[in-house]
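Below is one structure; the comments refer to it alone.
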Amino acid sequence: MTAQTLYDKLWSSHVVREEADGTVLLYIDRHLVHEVTSPQAFEGLKLAGRGLWRVDSVVSTADHNTPTDHWDEGIKDPISRQQVETLDANIKSFGALAYFPFKDKGQGIVHVMGPEQGATLPGMTVVCGDSHTSTHGAFGALAHGIGTSEVEHVMATQCLVAKKSKNMLVKVNGPLPAGITGKDVALAIIGKIGTAGGTGYAIEFGGEAIRSLSMEGRMTLCNMAIEAGARSGMVAVDEKTIDYVKGRPFAPTGAQWDAAVAYWNTLHSDEGAHFDAVVELDASDIKPQVTWGTSPEMVTDIDGIVPDPAAEADPVKKGSIERALAYMGLTANTPVKDIPVDIVFIGSCTNSRIEDLREAAAVARGRKKAASVKQVLVVPGSGLVKAQAEAEGLDKIFIEAGFEWREPGCSMCLAMNADRLQPGERCASTSNRNFEGRQGQGGRTHLVSPAMAAAAGVTGHFVDIRQL
Amino acid sequence: MKAFNKLDGLVCPLDRANVDTDAIIPKQFLKSIKRSGFGPNLFDEWRYLDHGEPGMDNSVRPLNPDFVLNFPRYAGAQVLLARENFGCGSSREHAPWALDDQGFRVVIAPSFADIFFNNCYKNGLLPIVQPAEVVDQLFRECEASEGYRLTVDLQAQTITTPSGQSFAFDITEHRKHCLLGGLDEIGLTLQHAEEIKSYEAARRQSQPWLFHQV
């Protein structure tokens with residue numbers, strides 16, 4: 001048998017049927033559902049008189065619209081409230097394996113909730129009407145975002161109509177230097193291959209540096225595969241994967257656990273498997289990353305400077321840099337360390353897990369928010385992360401430093417709730433997208449790791465956390 | 001789904017790379033629980049000078065005169081000419097819904113983000129990939145000549161310029177079939193329900209831990 005990549009294995013084990021042109025019906029094991037991209041899908045089912053093909057494949061929570069403070073007052077924005085209540089009603093009438101509604105202790109960002117509940121398992125196909133579904137690939141699963149029509153299609157048929165992507169291996173060689181996180185690795189990769197570098201590919205992340213990442217770090221990395229253009233990113237199963245899954249609510253137990261582990265241990269690329277593209281980086285070259293523009297590929301490191309459009313020959317790229325600098329209110333050749341920030345956001349499906357909060361707290365401990373910084377928001381990824389952080393006393397460290405400790409949700413990553421930047425405000429953010437208007441119209445986003453964000457919060461500008 | 005066959009449409013050029021779905025339809029409009037009505041908020045932050053929120057009367061909002069969609073010569077455009085990596089970012093299907101609601105039926109670009117590209121087909125919107133030099137030529141011709149139109153023939157898989165120059169484009173047989181017929185993809189898939197059931201039964205045997213009693 002020919003050597004297969006991890007993606008080949010995951011793909012072929014889920015093909016229900018294949019057409020002559022390569023279009024397949026791909027079976028979906030886990031469907032994560034949130035309030036923003038599901039109402040039209042449920043409505044479509046109702047209009048057609050259809051139900052869920054497999055109720056126990058659906059796990060759901062409300063995350064995008066939920067407020068992160070004053071929970072006792074409910075959701076004040078009536079349109080947001082209607083969307084969340086619509087999800088409540090739809091789950092009540094269609095059913096689900098599990099639902100974590102607003103205020104439930106298991107509620108949280110869908111991509112934090114799935115893994116922590118054991119609802120994401122190695123070898124699964126996982127979909128959600130959300131592009132950051134690539135996160136779940138960290139477990140050796142095939143996971144990607146889908147649109148609402150596909151949400152309805154999976155609800156009604158348990159399948160997706162899909163075509164196979166090409167295989168890309170991104171290998172990060174050598175040990176990860178101290179202070180360098182999954183976020184820095186993700187941004188360095190995007191800086192190298194560009195936001196369209198992975199378009200048409202499924203990316204497997206490998207190499208010593210990736211193996212050394214925790215599951216949280218791998219989730220951060222796979223989360224941002226979509227920012228490199230790849231719908232799915234993945235990491236082979238190893239002991240860390242299996243240790244993370246063990247004992248979680250929807251993980252198998254007893255004899256089924258042993259059978260599952262035996263299967264999961266096959267979920268890696270075979271020796272000699274063919275990749276259509278291979279990209280290699282040396283971990284030792286990666287420094288703390290900071291984006292300067294309005295696309296995640298517009299990134300440099302803490303020792304870098306804001307680029308000069310005059311130095312760019314390609315007119316489309318030159319125009320993009322000029323537009324980005326104008327939007328970001330930045331001058332060419334400014335050192336990154338000289339950029340002051342107004343707001344810090346620590347959270348999002350990229351960086352709101354317990355390890356992220358520990359890294360941020362390690363920087364905040366014994367320090368104070370800089371006077372020039374208006375607000376530092378710390379938004380845990382889920383109710384369970386929040387409880388864990390509080391059990392470890394992290395909340396007290398943040399509050400002591402003058403940071404705000406909030407309730408879980410997507411929050412200022414995309415600013416669908418009340419947490420948003422005002423026009424012109426500059427934010428050090430642990431989220432995933434620095435697009436124009438993403439965190440609030442006119443808001444200016446710099447993507448960084450949790451430790452870098454916390455450091456900006458206590459100094460008022462970007463600093464090298466390795467020297468703090 | 002709306003069928004797509006042949007279109008002769010006015011072209012609007014959007015000369016920016018990496019246009020993301022947050023730009024196509026900003027997040028505040030995703031709170032809607034409907035599929036329609038997104039057209040007036042397409043490119044909202046570029047199109048208007050004020051901040052848009054759901055429920056506003058868009059007809060009285062100040063338009064940005066420098067944004068191409070507001071140029072009178074492009075009013076009623078059905079073909080959007082774009083640059084590389086169009087539709088990157090979030091999976092929100094509200095992006096193709098907004099383009100469709102505005103009246104666009106075709107988007108031509110050197111490359112598209114995967115999820116957006118796929119979402120277009122589910123809504124009768126045809127995304128067409130052309131080599132960068134062809135897109136450059138179309139931009140030049142479109143900007144040089146007011147009322148510039150393109151004929152897009154899905155059956156023949158061609159784009160034809162006013163001077164009669166034709167460019168071929170690729171599309172999978174499955175997508176072409178669905179678009180031409182305006183077919184309900186769920187209905188098509190359910191024709192294979194027995195195959196899905198038998199796959200599922202085998203999976204339940206081999207990986208029982210993936211199944212739960214509800």
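Sequence lines set the chain letters: A, B, ... in the order given, protein chains first and strands last, and positions in each chain run from 1.
Counting heavy-atom pairs under 4.5 Å between each of B:Lys122, B:His192, B:Glu173, B:Arg35 and chain A puts B:His192 at the top. Per-residue heavy-atom pair counts under 4.5 Å with chain A were compared for B:Ala193, B:Ser206, B:Ala113, B:Pro26, and the maximum is reached by B:Ala193. For the set B:Ala202, B:Pro96, B:Gly55, B:Ser90, the count of heavy-atom pairs under 4.5 angstrom toward chain A peaks at B:Ser90. For the set A:Thr37, A:Asp29, A:Val316, the count of heavy-atom pairs under 4.5 angstrom toward chain B peaks at A:Asp29. Your options are A:Gly319, A:Ser295, A:Ala415, and the one with the most heavy-atom pairs under 4.5 Å with chain B is A:Ala415. When A:Val84, A:Val151, A:Asp21, A:Ile226 are compared by the number of non-hydrogen pairs under 4.5 Å with chain B, A:Asp21 comes out ahead. Here A:Ala260 is the residue among A:Ala156, A:Gly95, A:Ala260, A:Gly145 with the most heavy-atom pairs under 4.5 Å with chain B. Each of A:Pro252, A:Ser149, A:Pro423 has some count of heavy-atom pairs under 4.5 Å with chain B, and the biggest count is that of A:Ser149. Between chain A and the options B:Gly187, B:Gly89, B:Ala17, heavy-atom pairs under 4.5 Å are most frequent for B:Gly89. Comparing B:Arg203, B:Gln28, B:Glu84 by heavy-atom pairs within less than 4.5 Å of chain A, the highest count is held by B:Arg203. Options B:Thr189, B:Asp22, B:Ile186, B:Asn85 differ in how many heavy-atom pairs under 4.5 Å they form with chain A, and the most are formed by B:Ile186. Contacts with chain B were tallied for A:Thr86, A:Asn432, A:Leu25; A:Leu25 has the most, counting heavy-atom pairs under 4.5 Å.
Of the N and O atoms on the side chains of B:His174 and A:Glu19, not one donor lies less than 3.5 Å from an acceptor on the other residue. A donor atom on one side chain and an acceptor atom on the other are found under 3.5 Å apart for B:Trp46 and A:Glu436.
B:Asn18 and A:Glu297 get closest at one heavy-atom pair: ND2-OE2, 3.6 Å. The shortest non-hydrogen separation linking B:Ile196 to A:Trp53 is CG2-CZ2, 3.4 Å. Taking both residues in full, the closest heavy atoms of B:Val214 and A:Ala96 are given as CG1-O, 3.6 Å, listed atom of the first, atom of the second, then distance. A:Pro39 approaches B:Ser32 most closely through the heavy-atom pair CG-O, 4.5 Å.
Proximity to chain A (any heavy atom under 4.5 Å) is restricted, for B:Gln207, to the side chain, taken from C-beta onward. Looking at B:Ala95, there are no atoms closer than 4.5 Å to chain A (heavy atoms on both sides), in backbone or side chain. Residue A:Thr23 touches chain B through its side chain alone, counting heavy-atom pairs closer than 4.5 Å. Of the atoms belonging to B:Pro208, heavy atoms from both backbone and side chain fall under 4.5 Å from chain A. With a 4.5 Å cut-off on non-hydrogen atoms, B:Lys176 does not touch chain A at all. In this structure, chain A has heavy atoms under 4.5 Å from both the backbone and the side chain of B:Lys27. Using a 4.5 Å cut-off between heavy atoms, B:Phe211 touches chain A through backbone and side chain atoms alike. Both the backbone and the side chain of B:Thr172 come within less than 4.5 Å of a heavy atom in chain A. Neither the backbone nor the side chain of B:Asp44 comes within contact range of chain A; no heavy atom of the residue lies under 4.5 Å from a heavy atom of that chain. In this structure, chain B has heavy atoms under 4.5 Å from both the backbone and the side chain of A:Phe250. Neither the backbone nor the side chain of A:His144 comes within less than 4.5 Å of any heavy atom of chain B.
Using a 4.5 Å heavy-atom threshold, the side chains of B:Cys88 and A:Thr195 count as separate. Contact annotation: the side chain of B:Leu30 never approaches that of A:His64 to less than 4.5 Å [non-hydrogen atoms, C-beta and beyond]. Taking 4.5 Å as the limit, some side-chain heavy atom of A:Arg54 sits within range of a side-chain heavy atom of B:Glu200.
Under a cut-off of 6.0 angstrom, the local environment of NZ in A:Lys317 is sparse, with at most 12 non-hydrogen atoms contributed by other residues, nucleotides or ligands. Shown here is B:Asp170, whose CG atom has no more than 12 heavy atoms of other residues, nucleotides or ligands within 6.0 Å.
Of the inter-residue distances, the one linking A:Glu152 atom CD with B:Glu93 atom CD reads 9.5 Å to the nearest 0.5 angstrom. The CD1 atom of B:Ile115 sits 7.5 Å away from the OG1 atom of A:Thr133 when rounded to the nearest 0.5 Å. The distance from the OH atom of A:Tyr327 to the CD atom of B:Glu45 is 6.5 Å, given to the nearest 0.5 Å.
Of the possible polar contacts, none joining the A:Glu150 side chain to the B:Asn119 backbone as a donor-acceptor pair under 3.5 Å is found. Checked by atom type and distance alone, the side chain of B:Lys31 pairs as donor or acceptor with a backbone atom of A:Met416 at under 3.5 Å.
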Given A:Thr199 and B:Phe117, is the side chain to side chain contact (heavy atoms under 4.5 Å, CB included) satisfied, shown in steps?
CA-CA 11 Å; A:Thr199 302; B:Phe117 189 69; over 6 Å; no
Report the C-alpha distance between B:Ile33 and A:Glu43 in whole Å, list the side-chain angles of each, state the deciding distance to 0.1 Å, and finish with yes or no for side chain to side chain contact (heavy atoms under 4.5 Å, CB included).
CA-CA 9 Å; B:Ile33 57 172; A:Glu43 182 69 16; over 6 Å; no
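Seen from the ring of B:Tyr199, A:Arg17 does not count as a face-on cation partner, given the 6.0 Å and 45° thresholds.
Under the 4.0 Å criterion applied to side-chain N and carboxylate O atoms, A:Asp314 and B:Arg83 are not assigned as salt-bridge partners. A:Arg433 has no carboxylate O lying under 4.0 Å from a charged side-chain N of B:Asp20, or vice versa, which leaves the two without a salt bridge.
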